[in-house]
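Report on the following structure.
Proteins get letters first, then strands, A, B, ... in listed order; numbering begins at 1 in each. Given the structure is predicted, the values throughout are model-derived calculations rather than measurements.
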Amino acid sequence: MSEIITLTRNNDFRRLYAKGKSFASGVIVTYVMKNRTGNIRFGITTSKKIGKAVLRNRSRRIIREAFRSISADLKPGYDLVFVARGKTPYVKSCDVLRSMKKELKEAGVLN
RNA sequence: UGAGUGGGAUAAACAGCUGCGGAUGCAGUGCCGAGAGGCCGCACCCGAGGAAAGUCCGGGCUCCGCAGGGCAAGGAUAACGGCUAACGGCCGCCGGGGGUGACCCCAGGGAAAGUGCAACAGAGAUAUACCGCCUGCUUUGCAGGCAAGGGUGGAAAGGCGAGGUAAGAGCUCACCGGCGCAGUGGAGACAUUGCGGCCAUGUAAACCCUAUCCGGAGCAACGCCUCACAGAAGUGUAUUCAUCUGCCCGAUGGCUUCACGAGGCGGCACUGAGCAGUACCGGCAACGGGCUGCCAAGAUAGAUGGCUGUUCACGACAGAACCCGGCUUAUCGUCUCACUCAUAAA
RNA sequence: GCGGAUAUGGCGGAAUUGGCAGACGCGUACGGUUCAGGUCCGUAUGAAAGCAAUUUCAUGCAGGUUCAAGUCCUGUUAUCCGCA
């Protein structure tokens, strides 16, 4: 039985940026790395480049919603970080879902 | 009808399913953790803004010694009267400026307390005599008088007209302006009337002077708890040191400097300078009082998303983070109230 | 949360107490020197209008004070930095 944990520490994010594999599309960038906990751990990055607070919140919500609908089909034991890009707050969540699916399949995390 | 001025309200709406955060009630005392603590089920309710923003002011709250005295230094404000917990805010009013008008704008104290600066131009810039005008003489000029006219400049010794004179000049007079004194009105700024009388430019968003006000730091404040650690250097009992800066006095403390890990809870959402309404009372108004109703975000990587359907004007600026009162800035529109001008009609 | 700094041609970077802004260097273009290139020397170089003389607009942006603002004041935008 695996559970979903939110990444909070800056350390974890740094480790993923440095050592994780990355997959990119126009709306989202995904960093993937195996961990030994047996759980799925994920985090979302929305930098100030995206825009003001409203746009950053919007990006985060869309990504979280896409992740929620896909999370049942994930293999356990991975750390994931999703980075929003400039376009992200202006697209619909199904677009994010599509590219997230594609990137996770490429990474081999998807069942 | 057109053009405009000043306020106010609103911030797409409705339905269904699902997802997220929180309060309350009920229940197992089940699960996780070394511990402080945390998590899980069901029901029902609530869940961003007019600016939540900028952090420009004023408070509350907390700690620093509960906040002391004097002189400095620094900062803020600036007609007058009021409102307010307070304010650099608001209301009223005065003065000045703009607009045909509704109305709008003004850092709006002091330049005879002192200092500085005013480039270039110009004869001369706080002082003067270049061209001039007038008189006299020994007449290509010299001496004396004058400051009206010319020219320069942002600014040239109140303005304009008349009298006056050798030529001129507030030298005299009328009007205007400004200054001083007195009277009247007003709570006051001030207005107005009378008399006297006319030498001193501008700049204080230059230094400065006057009046009033200001202790510092901030919720990563601060308090409590759990596990871990209990170290190194310096001062030597008060003439030193610390408490926002300097000096003096006073007070308190006994230590000061460096090092000081990981985590949890409270603070924190609460009856509060509270919010909404009002055919009520006082006040021109800001506002105060009365009455009625309500107590409905509270996260901690940070809650509002997704899908479906319908409608329209097709949706701007934009996300609470300790809490209030303002100011400023951003903003697609829609509705509404009062008023002004023009035209037409009555 | 608290606090500070900066913004000037294509680039770097001057401009004393407010008083002629675009100094100076780099770059670019043209010309000269050379058989050729480099070096070196000279001229031009913010934008718009105009044949030209010249005029207007230009110090991040919007206002204000002043006779006069890159400089002083207020608001605002962007960038950078410090402390906890």
Side-chain angles (χ1 to χ4, degrees):
Chain A
M1 186 61 203
S2 70
E3 50 186 312
I4 295 168
I5 297 171
T6 313
L7 288 173
T8 60
R9 300 178 62 84
N10 195 24
N11 229 357
D12 297 331
F13 281 88
R14 287 244 207 85
R15 203 183 64 242
L16 270 143
Y17 293 145
K19 298 189 175 172
K21 289 186 203 167
S22 70
F23 305 91
S25 74
V27 293
I28 193 170
V29 180
T30 308
Y31 288 86
V32 181
M33 195 179 164
K34 270 192 184 172
N35 67 27
R36 292 179 198 156
T37 61
N39 298 322
I40 295 168
R41 303 195 299 178
F42 86 107
I44 300 169
T45 298
T46 51
S47 72
K48 267 196 173 172
K49 276 188 224 160
I50 306 297
K52 301 200 173 182
V54 172
L55 298 176
R56 296 202 302 272
N57 282 347
R58 165 100 191 142
S59 308
R60 228 174 4 243
R61 283 171 193 152
I62 289 170
I63 291 169
R64 202 184 297 127
E65 176 62 25
F67 181 76
R68 194 181 65 79
S69 62
I70 208 174
S71 58
D73 302 330
L74 294 177
K75 293 182 189 169
Y78 283 94
D79 286 355
L80 308 168
V81 165
F82 303 104
V83 179
R85 312 193 80 172
K87 269 200 229 164
T88 310
Y90 302 105
V91 300
K92 300 198 84 179
S93 84
C94 56
D95 297 329
V96 177
L97 181 60
R98 206 174 303 125
S99 54
M100 192 186 279
K101 220 177 238 177
K102 184 170 150 250
E103 286 165 25
L104 291 175
K105 194 171 274 179
E106 225 173 297
V109 181
L110 213 57
N111 271 325

### Query
Are A/Phe42 and A/Asp79 close enough that some pair of their side-chain heavy atoms sits under 4.5 Å apart?
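Not in contact.
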
### Message
Tell me whether A/Arg60 contacts the main-chain N or O of A/Leu55 through its side chain, where contact means a donor paired with an acceptor under 3.5 Å.
### Response
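Not at all, since once roles are kept as given, no pair shorter than 3.5 Å links the two residues.
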
#### Entry: Check: A/Thr30 main-chain N/O paired with A/Lys21 side-chain donor or acceptor under 3.5 Å
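Judged by distance alone, no pair lies under 3.5 Å.
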
Using the [atom1] atoms only, state how far [M] lies from [N], rounded to an integer number of Å.
| N | M | atom1 | value |
| --- | --- | --- | --- |
| B/C40 | B/G19 | P | 15 Å |
| B/A85 | B/G47 | P | 32 Å |
| B/G49 | C/G10 | P | 47 Å |
| B/G180 | B/U201 | P | 14 Å |
| B/G16 | B/G6 | P | 46 Å |
| C/G25 | B/C258 | C1' | 50 Å |
| B/A345 | B/C106 | C1' | 44 Å |
| B/U329 | B/A313 | P | 34 Å |

Measure from [atom1] on [X] to [atom2] on [N] and round the result to the nearest Å.
| X | N | atom1 | atom2 | answer |
| --- | --- | --- | --- | --- |
| A/Arg58 | B/G319 | CZ | P | 15 Å |
| A/Lys92 | B/U308 | NZ | P | 6 Å |
| A/Arg98 | B/G306 | CZ | C1' | 15 Å |
| A/Arg56 | B/G305 | CZ | P | 17 Å |
| A/Asn57 | B/G21 | CG | P | 16 Å |
| A/Arg60 | B/C20 | CZ | C1' | 14 Å |
| A/Ile44 | B/G305 | CD1 | P | 15 Å |
| A/Lys52 | B/U329 | NZ | C1' | 10 Å |

With both distances under 3.5 Å as the test, what is the Watson-Crick or G-U wobble partner of [N]?
| N | value |
| --- | --- |
| B/G218 | B/C61 |
| B/G319 | none |
| B/A156 | none |
| B/A27 | none |
| B/G185 | B/C190 |
| B/A338 | B/U5 |
| B/G132 | B/C146 |
| B/A125 | none |

### Message
From C-beta outward on A/Val54, which listed nucleotide comes closest to its side chain: B/A318, B/G306, B/A48?
### Response
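For the A/Val54 side chain, the nearest candidate turns out to be B/A318.
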
### Query
In terms of side-chain geometry, is the basic nitrogen of A/Lys92 or A/Asp95 positioned less than 4.0 Å from the acidic oxygen of its partner?
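Not counted as a salt bridge, because no side-chain N and carboxylate O are separated by less than 4.0 Å.
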
### Task
Would you mind telling me which of A/Val29, A/Ile63, A/Ile28, A/Leu16 makes a side-chain contact (heavy atoms from CB on, under 4.5 Å) with A/Val83?
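Result: among A/Val29, A/Ile63, A/Ile28, A/Leu16, A/Val29 is the only option passing the side-chain contact (heavy atoms from CB on, under 4.5 Å) with A/Val83.
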
### Message
Applying side-chain contact (heavy atoms from CB on, under 4.5 Å) to A/Leu104 and A/Phe23, what does each step give before you reach the verdict?
### Response
CA-CA 8 Å; A/Leu104 291 175; A/Phe23 305 91; over 6 Å; no

### Task
Please list, by residue number, the residues of residues 61-68 of chain A whose heavy atoms come closer than 4.0 Å to an atom of RNA chain B; answer none if no residue qualifies.
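Correct list: A/Arg61, A/Arg64, A/Glu65, A/Arg68.
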
### Pairing stems for RNA chain C [at least three consecutive pairs; Watson-Crick or G-U; under 3.5 angstrom]
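Counting only runs of 3 or more consecutive pairs, the stems involving RNA chain C are C:1-7 with C:77-83, C:10-12 with C:24-26, C:27-32 with C:40-45, C:46-49 with C:54-57, C:60-64 with C:72-76.
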
#### Entry: Most 5' of A/Ala53 and A/Cys94 on RNA chain B, judged by nearest nucleotide
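It is A/Cys94, whose closest nucleotide lies nearer the 5' terminus.
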
### Assigned glycosidic conformation for B/C199 [threshold 90° from 0]
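What B/C199 shows is a syn base, its glycosidic angle lying within 90° of 0.
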
### Task
Measure the acute angle between the ring planes of A/Tyr31 and A/Tyr17, then classify it against the limits of 30° and 60° as parallel, tilted or perpendicular.
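Because their plane-to-plane angle is over 60°, the rings of A/Tyr31 and A/Tyr17 count as perpendicular.
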
### Message
So, using ring pair (Phe, Tyr, Trp, His ring centres under 6.0 Å) as the criterion, who are the partners of A/Tyr90 when residues are at least two apart?
### Response
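Checked A/Tyr90 against ring pair (Phe, Tyr, Trp, His ring centres under 6.0 Å); zero matches.
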
